[in-house]
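Along the sequence shown, residues are numbered consecutively beginning with 1. We count ligands from 1, going down the list as the structure has it; atoms in each ligand are counted the same way.
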Amino acid sequence: MNAGLIGVGKYAPPHIMTNEDLEQRLDTSDEWIRTMTGIEERRIADDETNTSHMGYNAAVEAIENAGIQPEDIGLILVATVTPDYPFPSVATMLQDQLGAKNAAAMDISAACAGFMYGIVTAKQFVESGTYENVLVVGVEKLSKITDWNDRNTAVLFGDGAGAAVVGKVSEGRGILSFELGADGSGGKYLYQDDKLKMNGREVFKFAVRQMGETAVNVIEKAGLEKDDVDYLIPHQANIRIMEASRERLGLPLEKMSKTIHKYGNTSAASIPISLVDDLAEGKVKDDDVIVLVGFGGGLTWGGICMRWGR
Ligand code: UT7
């Protein structure tokens, strides 16, 4: 039996913060942010909108898109490093709000690779026959842990949510292979101590190396060649990191997802948000081979190769 994504959804808060807005409060420029990161604007949630609200909205859309009922969900996994509270988990809050009365629920902490960790965990439960449907949500309100006086980080991040229902798909489709990994010795390069702290250079070097490596590994594990890949969805952290993984796979520009200019780095939400926008724009079609790859604080990384469609 194959597990795959049978429904997806997203939520982006309406308020847009542009690079020009940041120029007003920080010693930075639109020119620097665009060329060094690819970001033009990001969404920022208002004070009334917390992580669980954004996650709920994305989850509702994914459940509708999958054509299932909340009671059909056996497990809810929420990947986030910005939960409403240390506990209860965001996953249990969503379980209640959605009326998913048959679901177990827990959060996953793997930073920007969290959605990859969630999907791979969901796949195990679906393919073992334990749960028919697992809801995976990647959601962050990074604005609440951003140090708005630190130009090294304040320009990078945004808020948002993406979700997917993992369930059974037809033979040949779904998740073909995956890789998860961690290197805790690099935890010091990206962490939260009240506010988010980062050694950008070190994270950049790690990301360029690991994103390409993991993408190549999952293609090989799926028994495919680079030429078989129709589309790459990298974690939207920095256009230069994304470009390095695209070049590693030898893919043309139009075969890589790019939503970073609109949303900035939304951490665990970036890959599912991109997937939803790409599907809406017809960039991902049934039977396409797509590679999703992410990295983040921990350090953590994860990649998935899948054949799209139910
Ligand atoms: O999801 C994972 C989260 N983290 C990441 O993905 C971050 C990965 N790292 C990066 O994306 C890059 O390291 C950055 C975009 C953060 C920085 O790019 P860089 O090529 O590593 O530049 P740098 O940190 O070496 O800084 C170059 C210069 C420095 O000035 P000096 O020392 O050369 O005079 C910085 O102070 O750019 C300066 N700088 C800025 N200038 C204008 C740093 N931030 C800014 C800014 N505006 N916002």
Open item on the list: Yes or no, since that's all I need: does a protein heavy atom fall within a distance strictly under 4.0 Å of atom 29 (C) of ligand 1?
Closed with: no

Task: Element-labelled atoms of ligand 1 that are located less than 4.0 Å from some non-hydrogen atom of Asn265 - done: 1 (O), 2 (C), 3 (C)

Open item on the list: Checking Asp150 against Thr153: is there a side-chain donor and acceptor pair closer than 3.5 Å?
Closed with: yes

TODO: Taking atom types as modelled, find out whether Thr92 and Ser89 have a side-chain donor-acceptor pair closer than 3.5 angstrom.
DONE: yes

Open item on the list: Distance under 4.0 Å to a non-hydrogen atom of Cys112: what atoms of ligand 1 satisfy this?
Closed with: 1 (O), 2 (C)

Open item on the list: As an exercise, state the distance from CZ of Arg248 to CE of Met211, rounded to the nearest 0.5 Å.
Closed with: 12.0 Å

Task: Any N/O pair Arg201/ligand 1 closer than 3.5 Å - done: yes

TODO: Could you tell me the residue and atom name of the protein heavy atom closest to atom 15 (C) of ligand 1, and the distance to it rounded to 0.1 Å?
DONE: Asn238 ND2, 3.5 Å

Open item on the list: Is a donor from one side chain sitting under 3.5 angstrom from an acceptor on the other, for Thr51 and Thr80?
Closed with: no

- [ ] Determine, considering heavy atoms only, which of Lys205, Met36, Glu31, Glu202 sits nearest to atom 22 (O) of ligand 1.
- [x] Met36

Task: Nearest protein heavy atom with distance in Å, relative to atom 44 (N) of ligand 1 - done: Trp32 CH2, 3.3 Å

Task: Crowding at CD, Glu281 (>12 non-hydrogen neighbours, <6.0 Å) - done: yes

TODO: Compute whether any side-chain donor of one residue and acceptor of the other, for Asn50 and Lys144, lie under 3.5 angstrom apart.
DONE: yes

Open item on the list: My question is simple, although I want it checked carefully: is atom 3 (C) of ligand 1 less than 4.0 angstrom from any protein heavy atom?
Closed with: yes

Open item on the list: Does Arg25 qualify as a cation-pi partner of Trp148, given the criterion of NZ or CZ under 6.0 Å from the six-membered ring centre and within 45 degrees of its axis?
Closed with: yes

TODO: Give a yes-or-no answer on whether the side chains of Ser257 and Asp278 include a donor-acceptor pair shorter than 3.5 Å.
DONE: yes

Task: Nearest neighbour in protein (non-hydrogen) for atom 9 (N) of ligand 1 - done: Gly200 O, 3.0 Å

Task: Selection from Glu23, Arg240, Gln236, His235 by shortest heavy-atom distance to atom 18 (O) of ligand 1 - done: Arg240

Task: atom 25 (O) of ligand 1 touched by protein heavy atom at under 4.0 Å - done: yes

- [ ] Say whether Thr37, considering both its backbone and side-chain N or O atoms, lies within less than 3.5 Å of an N or O atom on ligand 1.
- [x] no

Task: Arg240/Glu243 salt bridge by N-O under 4.0 Å criterion - done: no

TODO: With heavy atoms under 4.0 Å as the rule, classify the contact between Thr153 and ligand 1 as side chain, backbone, both or neither.
DONE: neither

Task: Closest to atom 12 (C) of ligand 1 (judged by heavy-atom distance), picking from Phe295, Phe206, Phe204 - done: Phe204

Open item on the list: Quick test: of every protein heavy atom, which one is nearest to atom 47 (N) of ligand 1, and how far off is it to 0.1 Å?
Closed with: Thr28 OG1, 2.6 Å

Task: Closest protein heavy atom to atom 6 (O) of ligand 1, given as residue, atom name and distance to 0.1 Å - done: Ala237 CB, 3.3 Å

- [ ] May I ask you to identify the nearest protein heavy atom to atom 35 (C) of ligand 1, giving residue, atom name and distance to one decimal place in Å?
- [x] Arg151 NH2, 3.9 Å

Task: Between Asn217 and Glu179, a side-chain donor and acceptor under 3.5 Å - done: yes

Task: Per-residue contact class, Val155 against ligand 1 - non-hydrogen pairs under 4.0 Å - done: side chain

Task: Top protein contact for atom 7 (C) of ligand 1, by heavy-atom distance - done: Met198 SD, 3.5 Å

Open item on the list: I'd like to know if the side chain of Glu140 pairs up with that of Ser267 as donor and acceptor (distance under 3.5 Å, no hydrogens or angles considered).
Closed with: yes

TODO: Please report which non-hydrogen protein atom sits nearest to atom 43 (C) of ligand 1, along with the residue it belongs to and the distance in Å to one decimal place.
DONE: Asn152 OD1, 3.2 Å

Open item on the list: Assess, by modelled atom type and distance only, whether the side chains of Arg42 and Asn19 contain a donor and an acceptor separated by less than 3.5 Å.
Closed with: yes

